[in-house]
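Have a look at the structure below, then the notes.
Scope of the values below: all heavy atoms of this structure, side chains included, with no hydrogens, waters or symmetry mates. We number each residue from 1, following the sequence as shown.
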Amino acid sequence: MNHPNMFSPRRVVLSATIVLSVATCIARADDNIKPAPDAIIAYKTVEQADGSSDELDLNVFHPPGYQATGKIPCIVFFFGGGWNGGTPSQFYPHCEYLASRGMVAISAEYRTKKSHNVTPKTCVFDGKSAIRWVRENAADLGIDPDRVAVGGGSAGGHVAAAVAACQKLEESDKVASNCVPNALVLFNPVYDNGPDGYGHDRVKDYWQIFSPAHNLHEKMPPTIAFFGTKDKLIPVATTENFQREMEKVGVRYENHLYEGQGHGFFNFTAKKSDTNYFVETVRESDIFLKSLGFLKGEPTIEKFVKR
């Protein structure tokens, strides 16, 4: 992929009157990674252990001809990393492509053990905050609040699924708006945190309200998911069980399995010879989103990666 240099990251902070103000371009640790977001927007201020505050960001990619006065579909991605670490840049290639297809595409920052010394449930708190913020500020972002998809990989896939499923897991008793997305696009997500599931020892005190597989409901959004058959972290049985439970509550679930592939097989790599599964999973995601009215026309992912 030819990563363009025309995009310069900007931190955008919404004031109390919800007016976008653009600050000077700031240096970021992932500035050398292209593509780069068109805007960086602070969606949440959190307190550090030392009493200082920190802002969590949305890394935003705009479609061609973007106007903030529009009402176009949006997707928000959450990176993987076992709730321990990770970086939003993991989903920059996905964001750039989906933006090229006409969506506002966002890769969200959230707190992890490494960045803020938090437990896994805080990752979900931040995920819910991000989706609520996007919906509440939809008019200023130029997006349709009724066409907000959420995606993620591995633990980020868990965050995305938990945002939709885990209605009892809330940071505060005062919940202002709905965070259940209109679609889910998941890449080898963590679904099951029960006694035999992923990460149970870390979440055993609250797994019953934290595990997406144990909190499915009839208002779950239509979902597409991608798994490798040789994934040593998330076995195929997990997604097959999830599919059965989604069908029980009457929700569409597309389960795509890739023979012989392990965890993280879907990620984009700089080597064109290694982009096959990135291309295949993104193409299927495109078709899925088109079927829901998020996109129009045919996928262009093959041309996208050959630029």
(request) State, with a plain yes or no, whether a side-chain heavy atom of V134 is found less than 4.5 Å away from one of C74. (result) yes

(message) Counting C-beta onward and ignoring hydrogens, is there a side-chain heavy-atom pair between V279 and K306 closer than 4.5 Å?
(response) no

(request) Grab the two heavy atoms, one from A39 and one from H62, that are nearest each other, plus how far apart they are. (result) CB-CE1, 4.4 Å

(request) Check for a donor-acceptor pair, side chain of Y97 on one end and backbone N or O of T300 on the other, with a separation under 3.5 Å. (result) yes

(request) Answer yes or no: is there a donor N or O on one side and an acceptor on the other, between the side chain of T239 and the main chain of A237, under 3.5 Å? (result) no

(request) Kindly work out whether a path of hydrophobic side-chain contacts (I/L/V/M/F/W/Y, heavy atoms less than 4.5 Å apart) joins I287 to F266. (result) no

(message) I'd like to know if the side chain of H116 and the backbone of V118 have a donor-acceptor N/O pair within less than 3.5 Å.
(response) no

(request) Compute whether any side-chain donor of one residue and acceptor of the other, for N137 and R132, lie under 3.5 angstrom apart. (result) no

(message) Quick check: closest heavy atoms across A149 and L289, and the distance to 0.1 Å?
(response) CB-CD2, 4.2 Å

(request) Find out whether E284 and I224 are in side-chain contact, i.e. whether some heavy atom of one side chain is under 4.5 Å from a heavy atom of the other. (result) yes

(request) Give, for atom CD of E245 and atom CE of M220, the distance between the pair rounded to the nearest 0.5 Å. (result) 11.5 Å

(message) Side chains of S53 and E47: any donor to acceptor distance under 3.5 Å?
(response) no

(request) For G151 and I75, work out which heavy atoms get closest and say how close. (result) N-CG1, 4.4 Å

(request) To the nearest 0.5 angstrom, please state how far the CD1 atom of I40 sits from the CD1 atom of I106. (result) 12.5 Å

(message) When you compare the side chains of N59 and Y92, does any donor N or O come within less than 3.5 Å of an acceptor on the partner?
(response) yes

(message) Before you tell me yes or no, could you show the steps for V203 and K121 under side chain to side chain contact (heavy atoms under 4.5 Å, CB included), namely the whole-Å CA-CA distance, both residues' side-chain angles and the distance that decides it to 0.1 Å?
(response) CA-CA 8 Å; V203 301; K121 66 180 178 181; over 6 Å; no

(message) Atom CD of residue position Q48 - does it have more than 12 heavy atoms of other residues, nucleotides or ligands inside 6.0 Å?
(response) yes

(message) Less than 4.5 Å apart, side chain to side chain, heavy atoms only: is that true for T119 and T122?
(response) yes

(message) I'd like to know whether F61 forms a side chain to side chain contact (heavy atoms under 4.5 Å, CB included) with V104, so could you lay out the CA-CA distance, the side-chain angles of the two residues, the decisive distance to 0.1 Å, and finally the verdict.
(response) CA-CA 6 Å; F61 292 74; V104 170; over 6 Å; no

(message) Which residue is it: E55, E109, E171? I am looking for the one with a salt bridge (Lys or Arg N to Asp or Glu O under 4.0 Å) to K44.
(response) E171

(request) Decide yes or no for D144 and F294: does some side-chain heavy atom of the first lie under 4.5 Å from some side-chain heavy atom of the second? (result) no

(request) Drop me the distance from K168's NZ to N215's CG, to the nearest 0.5 angstrom. (result) 7.5 Å

(message) Angle between ring planes, Y258 versus Y277, binned at 30° and 60°: parallel, tilted or perpendicular?
(response) perpendicular

(message) Quick one, K128 with E170, criterion side chain to side chain contact (heavy atoms under 4.5 Å, CB included). Give me CA distance, side-chain angles, the key distance, then yes/no.
(response) CA-CA 8 Å; K128 290 191 170 191; E170 294 288 354; 3.2 Å; yes

(request) Assess the pair H94 and F278: is the distance between their ring centroids shorter than 6.0 Å? (result) yes

(request) Check the side chains of Q90 and N267 for a donor-acceptor pair under 3.5 angstrom, ignoring hydrogens and angles. (result) yes

(message) Closer than 4.0 angstrom, basic N to acidic O: yes or no for R252 and E254?
(response) yes

(message) Would you compute the distance between atom CD of E136 and atom SG of C179 and round it to the nearest 0.5 angstrom?
(response) 10.5 Å

(request) Could you tell me whether the side chain of H263 reaches within less than 4.5 Å of the side chain of K232, counting heavy atoms only? (result) no

(request) Verify, without hydrogens or angle tests, whether S115 (side chain) and T112 (backbone) share a donor-acceptor contact under 3.5 angstrom. (result) yes

(request) Tell me, with the steps shown, if E259 and K230 meet salt bridge (charged side-chain N to carboxylate O under 4.0 Å, His left out). (result) CA-CA 7 Å; E259 189 65 35; K230 296 297 183 181; 5.6 Å; no

(message) Just by distance, no angles: are the side chains of T281 and H256 close enough, under 3.5 Å, to form a donor-acceptor pair?
(response) no

(request) Answer with yes or no whether the hydrophobic clustering places V180 together with V163; edges join I, L, V, M, F, W, Y residues whose side-chain heavy atoms lie under 4.5 Å apart. (result) no

(message) So which atom in V249 and which in H217 form the shortest heavy-atom distance, rounded to 0.1 Å?
(response) CG2-O, 3.7 Å

(request) Please find out if less than 6.0 Å separates the ring center of W83 from that of F210. (result) yes

(message) Main chain of S89, side chain of T87: is a donor-acceptor contact present, judged purely on distance under 3.5 Å?
(response) yes

(message) Can a donor-acceptor pair be found, under 3.5 Å and without considering hydrogens, that links the side chain of K71 to the backbone of G142?
(response) no

(request) For residues A108 and L58, report the shortest heavy-atom separation together with the two atoms involved. (result) CB-CD2, 3.7 Å

(request) Answer with yes or no whether the side chains of Y191 and N241 bring together a donor and an acceptor at under 3.5 Å. (result) no

(message) Test side chain to side chain contact (heavy atoms under 4.5 Å, CB included) on T45 and D54; report intermediate values, then the result.
(response) CA-CA 6 Å; T45 301; D54 186 25; over 6 Å; no

(message) With heavy-atom distances below 4.5 Å as the criterion, would you say the side chains of L169 and F125 are in contact?
(response) yes

(request) Can you spot which of V76, L56, L141 makes a side chain to side chain contact (heavy atoms under 4.5 Å, CB included) with W133? (result) L141

(request) In sequence, state the C-alpha distance, the side-chain angles, and the governing distance for F242 and Y253, and then conclude on ring pair (Phe, Tyr, Trp, His ring centres under 6.0 Å). (result) CA-CA 9 Å; F242 199 85; Y253 186 84; 5.5 Å; yes

(message) Just so I know, are the side chains of N193 and P212 near enough to count as touching, which here means a heavy-atom distance under 4.5 Å?
(response) yes

(message) Under a 3.5 Å cutoff, is there a donor and acceptor pairing between the side chains of Y110 and S129?
(response) no

(request) Indicate the atoms forming the closest heavy-atom contact of A105 with C95, along with that distance. (result) CB-O, 3.4 Å

Got a list of side-chain donor-acceptor pairs under 3.5 Å for residues 182-189, not counting sequence neighbours?
| residue | atom | partner | partner atom | Å |
| --- | --- | --- | --- | --- |
| N182 | OD1 | R135 | NH2 | 3.1 |
| N182 | OD1 | R147 | N | 3.4 |
| N182 | OD1 | V148 | N | 2.9 |
| N182 | ND2 | D146 | O | 3.3 |
| N188 | OD1 | G264 | N | 3.0 |

(request) State whether E247 and R244 are salt-bridged, where the test is any N-O pair (Lys NZ or Arg NE/NH1/NH2 against Asp/Glu carboxylate O) under 4.0 Å. (result) no

